[in-house]
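Nothing fancy with the numbering, it's 1 onward along the sequence. On a predicted model such as this, the values are computed, not experimentally measured, just so you know.
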Amino acid sequence: MKDKKTFAEDIVIQVRKDYERRREDRKPLELQWQLNMNFVNGNQYMQIMPTGEVEEFGKQYFWQEREVYNHIASVLETRMSKLTRVNTGVTVRPFSNDETDIQSAKLSTALISAVAEQNDLPALINDAVAWSEVTGSCFFKVVWDKDAGDTLCKDDKNNHVRVGEARITVVNPFEIFPDNVCANSLDECSSLIHAKAYPVSEIEDIWGVKVEGEEVNVFTLDNAPVAGGLGYNASVGNVISSTVDGYAIVIERYTRPTRDMPEGELAIIAGDKLLYYGALPYVTDVQNKRGFPFAQTNCIRKVGSFFGTSVVERMIPLQRSYNAVKNRKHEYLNRISMGILAVEDGSVDMDNLEEEGLSPGKVLIYRQGSNIPRFIETGSVPADFTYEEERLLSEFVTVSGVSELSKYSQTYGNMSGKAISLLVNQDDTRMSLSTASLRLCIKRVCRMLLYLYKQFATEKRLKRISGENGEPELRYFTGNDLQCEDIVFDTSEDVSETVAERRNMVLELIRMGVLTEADGSMSPRTKVKVLEMLGIGNWESAKDVDETQRKRAMKENLSLGKERPTACPYDDHDIHIEEHIKCLLEDSVLKDKKLYAEMDAHIKEHQMFALSVNAGAALGGKADEKNK
């Protein structure tokens, strides 16, 4: 039997060896990602060398034009702006028509919205989209932060003990190492490594273990003077690998549950120290199983590969050809504008001619009896340069799926509105794979959020959420009050839908009478939803009396069995009776005689109040007639 120290050393050696193997397997992909990043930043004179490094190549001649005409960046900006408009709002569907399930689904939906706002999910989605568009893949990590949230009490050391909250972070693909780079998805991986560089001081704060610093490879930005032309130089952004001190790589290896390890395994190491070893901490898979706390989104799904592929990778050959055509064209223009001078040997002062050239008004002295220096006829720029330039631009559209309409807001001649609409639909169709991957990833993130609160919210906790009428509410809940099984999207994934189009659609639905009642009126709840979709805000969602009465009745339903609700003279008894009867007809209440009796007595209490109010109104009416 190994002692504790020997066991920890063996785990560290095993995880470190596994990490090195996976890093070697993934290295070709990493080189391609680095090349993609350089091309997006403008350093487009880079290549992957046989030695396994990404290096730049210099000018072949001093007069060579090497400017960069970066169409990749503009295509990427267009794709990212369209992807960040994808609607990723989700709704939890109730398990049944039972009122308890309906309220549980509403609470789960509101909780997702509150946690997403707390973690600034839109900003995280923007970061993830940028990484996936450049490298092909990106990941979200959903964990439970026990040091977040409201303070419960203080421990013996006067430290705050908090309730804990779910945390969402973006993990770039450089930090993810699957056990098999040919796996199709996260679900097909048996284990996954997340390796990230931390300052040694932060490692000690988080895990309480002091680790020696080591040289860690990181990517930094620099300026590379690789561009320019005849007589000038220009620098472009360069993504290079460098080393930093005072850091250590924290390696987290997640292993799925097996027959021998029914709760899986998590080993965390840094340097030669074991920071943590035990079961997988989070229940993130369906059927309440422990799994990886990660969700993956891809730019384009790559068959037979764990990581996706980027549209940048496909545009690199076109960008190189386009730069070459433009630069050769400008070199030809240089020859035409500056000219090529033919001079007889010994006829002129060559040093003076090379330094000053043939400036306007220059007196050129040449040897008597020799030929006069003359310019060689260079002709005009061949039309093939223009044809090739236009052809390459059209190929950018074909490869990237972003047309001139989306990229430059430019149409082809006099186009009809229907033709423009067809072009927009074609652009959206080309991007449907990316949008579908992003939405499924966010759906998985939301499900993991609910699983975490279901796992860790074992005691009642207070959460500020947004109610149905738009106003903030404070709700007490536990993990048992949440539903995690059925999550759907609020609306379609129309990436071309703008704010103006959405407003016009809502106004058209109002004109058609879709959102109004039979008498032409609109319910207060519908008014709030309409005003939210129009983007006006929530100032108009002041508490409506009827809605407040309905919510009070629902709270009384939820308190059934814990404390007996009592009717109030100020209640709207008709609304309360309607909501209580709905609760009374649920199967769970009908089968429980005690709950049934409590609710029946409460309904009769409301009915007695209603009878007294109606009787008082009738007597008041007769008195008014008598006075008249």
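- Within the 4.5 Å cutoff, side-chain heavy atoms of Q47 are placed close to those of R320.
- No side-chain heavy atom of F39 sits less than 4.5 Å from a side-chain heavy atom of N43.
- A cation-pi arrangement is not found for K141 relative to F139, the charged atom failing to lie both closer than 6.0 Å to the ring centre and inside a 45° cone about the ring normal.
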Given Y276 and W207, is the ring pair (Phe, Tyr, Trp, His ring centres under 6.0 Å) satisfied, shown in steps?
CA-CA 8 Å; Y276 173 86; W207 286 280; 9.4 Å; no
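- Distance alone, capped at 3.5 Å, places no donor-acceptor pair between the S108 side chain and the L482 backbone.
- When atom types are taken as modelled, the side chain of S137 and the backbone of G308 share a donor-acceptor pair closer than 3.5 angstrom.
- Of the possible donor and acceptor atoms, one in the side chain of N119 sits under 3.5 Å from a partner among the backbone N and O of V115.
- Heavy-atom minimum distance, V211 versus I203: CG2-CG2, 3.9 Å.
- A donor-acceptor pair under 3.5 Å is formed between the side chain of R290 and the backbone N or O of P281.
- A parallel orientation is assigned to the rings of W144 and F456, their planes being inclined by less than 30° (bins at 30° and 60°).
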Pair I300-R314, side chain to side chain contact (heavy atoms under 4.5 Å, CB included): steps then yes or no:
CA-CA 11 Å; I300 302 170; R314 300 179 176 181; 3.7 Å; yes
Is there a side-chain hydrogen bond (donor to acceptor under 3.5 Å, both in side chains) between E165 and Y453? Walk through the geometry before answering.
CA-CA 8 Å; E165 294 285 354; Y453 279 95; 2.4 Å; yes
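- The side-chain heavy atoms of T255 and M261, taken from C-beta on, include a pair separated by under 4.5 Å.
- At a threshold of 4.5 Å between non-hydrogen side-chain atoms, the residues K289 and L280 do not count as touching.
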Go through the steps to decide whether N38 and Q44 satisfy the test side-chain hydrogen bond (donor to acceptor under 3.5 Å, both in side chains), and finish with yes or no.
CA-CA 6 Å; N38 275 287; Q44 298 178 353; over 6 Å; no
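- E214 places a side-chain N or O within donor-acceptor distance of the main-chain N or O of I249, the cut-off being under 3.5 Å.
- For the atom pair CG of D127 and SG of C138, the computed distance is 8.0 Å after rounding to the nearest 0.5 Å.
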Applying side chain to side chain contact (heavy atoms under 4.5 Å, CB included), run through T135 and N172 and close with a yes or a no.
CA-CA 9 Å; T135 62; N172 65 69; over 6 Å; no
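- Y198 places none of its side-chain heavy atoms less than 4.5 Å from the side chain of Y247.
- Summarising the geometry of R26 relative to I176, their closest heavy-atom pair is NH1-O, 2.8 Å, with the distance given to 0.1 Å.
- A distance of 8.0 Å separates CG in L449 from CG in L121, rounded to the nearest 0.5 Å.
- The two residues A270 and L275 have their closest heavy-atom pair at CB-CD1, 3.8 Å.
- Side-chain contact between N70 and Q319: present, with at least one pair of heavy atoms (C-beta onward) separated by less than 4.5 Å.
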Dump the intermediate steps for side chain to side chain contact (heavy atoms under 4.5 Å, CB included) on R21 and D25, then the final yes or no.
CA-CA 6 Å; R21 178 190 64 81; D25 292 344; 3.1 Å; yes
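- The backbone N or O of V283 lies less than 3.5 Å from a partner atom in the side chain of Q455, making a donor-acceptor pair.
- Atoms CD1 and CE, on I316 and M46 in that order, are 11.0 Å from each other to the nearest 0.5 Å.
- Of the charged side-chain nitrogens involved, none lies within less than 4.0 Å of a carboxylate oxygen, so that D272 and R16 do not count as a salt-bridged pair.
- When all heavy atoms are compared, the tightest approach of F292 to L192 is CZ-N, 4.1 Å.
- The existence of a salt bridge linking D179 and R22 is excluded, since no basic side-chain nitrogen approaches an acidic carboxylate oxygen closer than 4.0 Å.
- In this structure the side chain of T297 never reaches within 4.5 angstrom of the side chain of V129, judged on heavy atoms.
- No donor-acceptor distance shorter than 3.5 angstrom exists from the side chain of S437 to the backbone of S434, with no hydrogens or angles considered.
- Of all the heavy atoms in F396 and M315, the pair that sits closest is CD2-SD, 3.9 Å.
- Judged purely by atom type and a 3.5 angstrom limit, T109 uses its side chain to pair as donor or acceptor with the backbone of V92.
- In this structure, CZ in R444 is found 5.5 Å from CG in L186, a value given to the nearest 0.5 Å.
- Between R79 and E133, at least one side-chain nitrogen of the basic residue sits less than 4.0 Å from a carboxylate oxygen of the acidic one, meeting the salt-bridge criterion.
- Here the closest heavy-atom approach between residue F306 and residue P178 is recorded as CD2-CG, 3.6 Å.
- Taking the charged nitrogens against the carboxylate oxygens, R253 and E265 do have a contact shorter than 4.0 Å, which makes a salt bridge.
- For the pair S74 (side chain) and H71 (backbone), a donor-acceptor distance under 3.5 Å is present.
- Among Y282, F177, Y254, the one residue that satisfies the ring pair (Phe, Tyr, Trp, His ring centres under 6.0 Å) test with F294 is Y254.
- Of the charged side-chain nitrogens involved, none lies within less than 4.0 Å of a carboxylate oxygen, so that K27 and E24 do not count as a salt-bridged pair.
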For M80 and E77: C-alpha separation, side-chain torsions, deciding distance, then whether side chain to side chain contact (heavy atoms under 4.5 Å, CB included) applies.
CA-CA 5 Å; M80 289 167 58; E77 290 166 2; 5.7 Å; no
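- Here the side chain of N298 pairs no donor or acceptor atom with the backbone of R301 at under 3.5 angstrom.
- Of the inter-residue distances, the one linking S310 atom OG with L76 atom CG reads 6.5 Å to the nearest 0.5 angstrom.
- Between R23 atom CZ and D18 atom CG the span is 12.5 Å, to the nearest 0.5 Å.
- Looking at Q32 and N36, their side chains do bring a donor and an acceptor atom within 3.5 Å of each other.
- Residues V12 and K273 are not in side-chain contact: their nearest non-hydrogen atoms beyond the backbone lie 4.5 Å or more apart.
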